[in-house]
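Heads up, the thing below is written out as structure tokens.
Numbered from 1 within each chain, the chains take letters A, B, ... in sequence-line order.
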2 protein chains.
Amino acid sequence: MSFERVAVIGLGLLGGSIGLAVQKHLPRVRTIGFDADAGVRERARERGLVHEVLDDPVEAVRQADLVVLCVPVGAMRLAAAAVAPGLSADVVVSDVGSAKQRVSRALAETLPGHTVIPAHPVAGTERSGPDAGFASLFAARWCILTPPDGAPEDKVAALTAFWQALGSTVEVMDAGHHDMVLAVTSHIPHLVAYTIVGTASDLEEVTRSEVIKYSAGGFRDFTRIAASDPTMWRDVFLHNKDAVLEMMDRFMGDLEAMRSAIRAEDGEAMFDLFTRTRAIRRGIVEQGQDDARPDFGRADHGKDTA
Amino acid sequence: MSFERVAVIGLGLLGGSIGLAVQKHLPRVRTIGFDADAGVRERARERGLVHEVLDDPVEAVRQADLVVLCVPVGAMRLAAAAVAPGLSADVVVSDVGSAKQRVSRALAETLPGHTVIPAHPVAGTERSGPDAGFASLFAARWCILTPPDGAPEDKVAALTAFWQALGSTVEVMDAGHHDMVLAVTSHIPHLVAYTIVGTASDLEEVTRSEVIKYSAGGFRDFTRIAASDPTMWRDVFLHNKDAVLEMMDRFMGDLEAMRSAIRAEDGEAMFDLFTRTRAIRRGIVEQGQDDARPDFGRADHGKDTA
Ligand SMILES: NC(=O)c1ccc[n+]([C@@H]2O[C@H](COP(=O)([O-])OP(=O)(O)OC[C@H]3O[C@@H](n4cnc5c(N)ncnc54)[C@H](OP(=O)(O)O)[C@@H]3O)[C@@H](O)[C@H]2O)c1
Ligand SMILES: NC(=O)c1ccc[n+]([C@@H]2O[C@H](COP(=O)([O-])OP(=O)(O)OC[C@H]3O[C@@H](n4cnc5c(N)ncnc54)[C@H](OP(=O)(O)O)[C@@H]3O)[C@@H](O)[C@H]2O)c1
């Protein structure tokens, strides 16, 4: 089986990018979109994010064989409930939420009797809204599927093929493991970036204007991450609390060890850590998840951005 | 006064960039270079980082009216001692070290009777060595001078003009304040990035291969910073210990507050922080220290890299 009619619910960065990517890579698939926000729907029409933007969620999913929920994690239950009356019997309902265990549970509870196959494309930028999406967002990125036990194999295969067509490599894993992995590779980095930018904003000894001026020393990269959407990230931390707290404890323990090393002027401990961390960087560059060029190769990647 | 003969001691990222930038922007200035490492000297000759690379530090500074020490912070005293016998009476000795209070003291002690005007160009990349430098590294960046009390005004003015010629905007401040500002905008971000990459490397539940694969969720930006030179950064933390420890305590306090907010599922506290941090980002983009494009505008900036 393959999908012929895809409904995208939520037309921000992720929803818009899916719409554009499907139109580019799967030209025979019909795309229909809905967003709770009328302003977003209008802008989505202007940009042609999907073939057709409807004002009613029930109509938007009518006859769709794939529905992808692209709303903040905390709005997934509501978005699912809103489309439920229009779902056809053999539709696949999926999502793109950044946390999976709680979201999967919410979707399963809200849509009993339907096939729900949660997903998370590990691709993003710090921008959001209907102007943020672009067709190549998923190219050369990973997409994680977390099908529940007993999910129909042909439907998992169809969703896999769908993400592959958009340029991604698909990996299947358990929702709990997903949440642990992403806590490390995404949620803690965002939390740390937000916190450090907050710390810097509140200092008395150093003015904001100084923080801004001298940000090229490393800080500016944190501010980019810390410019991400507040609603999305609040929802992520509320919905991946356990894994985030666990990883945060590890990180804070390691940070305390570094504080002790600095206090003791233990240059060897610092040198050791600063050397070990290079191996992971090499892996990331080798595997194409970042680039050693000064622009990190993002110039090619987001070429068709707004 | 203006400089006619500039000696660059240490021909890595900073020294090489100064050599290339002077040749580009101040074509009448003669540049002479030295590095303690014979392999670096050879590569510096091949790349033409300076007009002339000498094998003897004393000869390298002979007749120079500006000597810029571009070695790791912990090697400044040694590098200064090595050139001391060749310094002319009215030379200006400067440096580019990332920490200023202890370095200034070391240079003043090592070179009594000479004019020492410490400096720190707030510009860098994660790369080091003689292949890393490029002429535009200092363009549109800030350079901080920390002249000691009583430094001759004409010499401070000449050093200011020198950095302006390389494309930088110069700011004068007290060495102690510099160390506090940079602890926030550079040293803590690096320490946090190194630590988080270390934490991620050591997990049992999440493999290194998973960390690498799913790094596009935010983690990869930390790995870039954590790929910076271990010697340089060990020296920075050893030489800016007090300010780093103070800022680290603030940051860790704020991180604990976020942990409590997550534990209490206090979405409002999170949303509030995640919103406040956007203002600083806007300032950085508006003031040209970063760019809102997906490649952060680095494509233009490092154009003539390697
Ligand atoms: N951003 C990333 O880097 C990234 C990466 C991977 C996955 N994700 C996940 O992708 C999802 C969407 O994120 P995004 O970055 O695309 O956010 P976004 O740009 O803010 O888009 C979300 C859109 O959904 C709309 N919406 C909110 N509640 C809705 C509802 N009940 N029904 C229909 N539409 C609703 C929002 O409208 P309003 O603007 O009016 O609220 C907004 O237009 C999140 O679950 C996030 O965790 C994000
Ligand atoms: N990297 C940045 O982003 C940045 C930004 C602003 C300021 N800074 C500061 O700039 C300085 C240089 O950093 P960098 O990034 O240019 O480092 P780098 O690329 O490693 O270059 C330093 C060079 O100095 C050589 N060296 C070491 N000890 C020496 C000595 N006693 N005499 C002569 N040469 C010696 C090193 O040789 P070996 O390779 O054999 O050790 C190396 O070639 C540091 O103080 C750093 O804090 C760096």
Given A:Asp242, A:Ile144, A:Asp235, the one with more heavy-atom pairs under 4.5 angstrom with chain B than any other is A:Ile144
Cut-off 4.5 Å, heavy atoms of chain A, and the answer for B:Thr125 is neither
Whatever's closer than 4.5 Å to a heavy atom in chain A on B:Glu286 counts as neither
- Counting only N and O atoms by type, is there a donor-acceptor contact under 3.5 Å from the side chain of B:Arg278 to the main-chain atoms of A:Ala227? yes
Shortest non-hydrogen pair, B:Asn240 vs B:Ala183, comes out as ND2-CB, 4.1 Å
Margin query: For A:Val184 and A:Ile188: C-alpha separation, side-chain torsions, deciding distance, then whether side-chain contact (heavy atoms from CB on, under 4.5 Å) applies.
Written below: CA-CA 6 Å; A:Val184 183; A:Ile188 296 292; 6.0 Å; no
If you tally heavy-atom pairs under 4.5 Å between each of B:Thr169, B:Leu182, B:Thr185 and chain A, the highest tally belongs to B:Thr185
When rounded to the nearest 0.5 Å, the distance separating OG1 of A:Thr195 from CZ of A:Phe222 is 11.0 Å
Pair count under 4.5 Å, heavy atoms only, with chain B: among A:Arg259, A:Glu265, A:Glu268, highest is A:Arg259
Mind running side-chain contact (heavy atoms from CB on, under 4.5 Å) on B:Phe251 and B:Met247 for me, showing each step along the way? CA-CA 6 Å; B:Phe251 169 64; B:Met247 289 303 156; over 6 Å; no
If you tally heavy-atom pairs under 4.5 Å between each of A:Met270, A:Met173, A:Arg234 and chain B, the highest tally belongs to A:Arg234
Heaviest contributor of heavy-atom pairs below 4.5 Å to chain A, chosen from B:Arg208, B:Arg263, B:Arg282, B:Met180, is B:Arg263
Note: vs chain A, highest number of non-hydrogen pairs under 4.5 angstrom among B:Leu203, B:Val122, B:Val197, B:Ile196 is B:Ile196
The interface call for B:His187 against chain A, heavy-atom contacts under 4.5 Å, is neither
Hey, are the side chains of B:Lys241 and B:Arg102 touching, using non-hydrogen atoms and a 4.5 Å cut-off?
yes
Of A:Asp266, A:Ile280, A:Ile225, A:Val244, the largest count of non-hydrogen pairs under 4.5 angstrom with chain B goes to A:Ile280
Given B:Ala123, B:Gly198, B:Pro230, the one with more heavy-atom pairs under 4.5 angstrom with chain A than any other is B:Pro230
Practice prompt. In sequence, state the C-alpha distance, the side-chain angles, and the governing distance for A:Ser186 and B:Tyr214, and then conclude on side-chain contact (heavy atoms from CB on, under 4.5 Å).
Written response: CA-CA 8 Å; A:Ser186 180; B:Tyr214 307 118; over 6 Å; no
> So, B:Lys100 and B:Asp174, do they make that salt bridge, N to O below 4.0 Å?
Replying inline: no
Apply side-chain contact (heavy atoms from CB on, under 4.5 Å) to the pair A:Ser17 and A:Phe138, showing each step before the final yes or no. CA-CA 8 Å; A:Ser17 296; A:Phe138 311 109; 3.7 Å; yes
Turns out that what part of B:Ser98 lies under 4.5 Å from chain A's heavy atoms comes down to neither
Comparing B:Met258, B:Gln287, B:His190, B:Lys213 against chain A, the one with the most heavy-atom pairs below 4.5 Å turns out to be B:Lys213
From the list A:Ala257, A:Ala279, A:Gly217, the residue making the most non-hydrogen contacts under 4.5 Å with chain B is A:Gly217
Turns out that what part of B:Leu255 lies under 4.5 Å from chain A's heavy atoms comes down to both
Interface check, chain A: of B:Tyr194, B:Phe219, B:Trp233, most non-hydrogen pairs under 4.5 Å belong to B:Tyr194
Q: May I ask you to say whether A:Arg276 pairs ionically with B:Asp202, meaning some side-chain N is under 4.0 Å from a carboxylate O?
A: yes
So, the part of A:Thr231 with a heavy atom under 4.5 Å from chain B: the answer is both
